[in-house]
2 protein chains.
Amino acid sequence: MVLEIKPTQALRLWREVHLDLVRDTQADLSVRQTAILLTIYLELPPHTVRGLAARLGVTKPVITRALDSMGKLGLVSRKRDELDKRNVVIQRTVAGALAVEHLADLVTARARELGPA
Amino acid sequence: MVLEIKPTQALRLWREVHLDLVRDTQADLSVRQTAILLTIYLELPPHTVRGLAARLGVTKPVITRALDSMGKLGLVSRKRDELDKRNVVIQRTVAGALAVEHLADLVTARARELGPA
DNA sequence: CCCGATCGTTACGGGTCCGTATCATTATCG
DNA sequence: CGATAATGATACGGACCCGTAACGATCGGG
């Protein structure tokens, strides 16, 4: 099943959802943080700092800081890997799953409202 | 024509495009700036600082600063309204139109790659 | 056992963005 | 006119994020 979407529709969808995100006082995640959050919640665990950095093409401190701020928001949590104590395993949280679900609702709702191109 | 998209597809689409944006050194626009840019290029002119601020639900300095930085990137330009010299009319640019088009390409391409939910 | 490699974190200097409050300029209306 | 309103820009203090470089902790091979 292929999702057919025309350029004009794509732009309107992108705009509407971004307007929602701006107005929603809750979600002030940056583009990088959003990419990290969705990677954690959509790809199979385990997730590590190094792995995410490579996946996104950014440096490790970027991941560490993003995990700090998203951890403060309760969207993710960290745990030391007991087998190899150098590693840190990034874990999902209930609040994080809810936030991801909320984003999915936003996108699908706006997509449904799109008229013809 | 309604765009049917399932939650899982929406999230994967969102993630893929965000990964592209992160990797693309070019586009480091914030969520707010993206919303402003798309509003300028998708809604009918004329656009003013005050109008955009009301449209997005943010304060005027947010718009002024966003126009400053996006102007530096050549994505928009400003012109004083000659009829009412208090107003500033925001104008589109070639570079801005190209950036918007590029975003549309990104979204449509990623949408086309989406498998079944 | 020890030394190099690996992992995540932190320090640093610089840049950007935010909201509130204030400002200069211009228009409007009595 | 002069007072008031409206528009966009700016100052300020604080918060966040970036990349580079360095660091402590841990593992693993010789």
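Because only heavy atoms are used, hydrogens play no part in the values below, and waters and symmetry mates are left out as well, while side chains stay in. Throughout, protein chains are lettered first and strands after them, A, B, ... in sequence-line order, and every chain is numbered starting at 1.
Membership of the apolar cluster around Val94(B) extends to Leu98(B), as traced through chained side-chain contacts below 4.5 Å between ILVMFWY residues. Hydrophobic cluster of Val89(A): no remaining members, since no ILVMFWY side chain lies below 4.5 Å from it.
For the pair Lys79(A) NZ and dC7(C) C1', the interatomic distance rounds to 17 Å; values are reported in whole Å. Rounded to whole angstrom, the span from the CG atom of Asp68(B) across to the P atom of dT10(D) amounts to 7 Å. Rounded to a whole Å, the CD1 atom of Ile90(A) is 12 Å from the C1' atom of dC7(C). Across the protein-nucleic acid pair, Asn87(B) atom CG and dA6(D) atom C1' stand 9 Å apart, rounded to whole Å.
For His18(A), the side chain to side chain donor-acceptor pair (under 3.5 Å) criterion is met by Trp14(A), not counting sequence neighbours. Partners of Asp81(A) under the side chain to side chain donor-acceptor pair (under 3.5 Å) rule, at least two apart in sequence or in another chain, do not exist in this structure. The side chain to side chain donor-acceptor pair (under 3.5 Å) search around Arg50(A) returns none, not counting sequence neighbours. Every residue meeting the salt bridge (Lys or Arg N to Asp or Glu O under 4.0 Å) condition with Arg86(B), not counting sequence neighbours, appears here in chain and number order: Asp84(B). Residues satisfying the side chain to side chain donor-acceptor pair (under 3.5 Å) criterion with Thr48(A), sequence neighbours excluded, are absent altogether.
At a non-hydrogen distance threshold of 4.0 Å, Thr59(B), Pro61(B) from residues 40-61 of chain B come into contact with DNA chain C.
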Worksheet, complete the sentence: Given protein heavy atoms under 4.0 Å, the one-letter contact record of nucleotides 22-30 of chain C, with B base, S sugar-phosphate only and - none, is simply ----BS---
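Looking at Arg15(B) and Thr39(A), their side chains come closer than 4.5 Å, going by heavy atoms from C-beta outward.
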Using a cut-off of under 3.5 Å, enumerate the N/O to N/O pairs linking the protein to nucleotides 12-17 of chain D.
from: dC17(D); atom 1: OP1; to: Gln33(A); atom 2: NE2; distance (Å): 2.6

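A side chain to side chain donor-acceptor pair (under 3.5 Å) check over residues 54-63 of chain B, counting only residues at least two apart or in different chains, returns the pairs Glu43(B)-Arg55(B). For residues 61-72 of chain B, the pairs satisfying side chain to side chain donor-acceptor pair (under 3.5 Å) are Gln33(B)-Ser69(B), Asp68(B)-Arg78(B), with sequence neighbours left out.
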Fill in: Derivation of the side chain to side chain contact (heavy atoms under 4.5 Å, CB included) call for Gln91(A) and Val76(A)
CA-CA 6 Å; Gln91(A) 298 178 305; Val76(A) 296; over 6 Å; no
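For dG8(C), neither phosphate oxygen OP1 nor OP2 lies less than 4.0 angstrom from any side-chain nitrogen or oxygen of Thr64(A).
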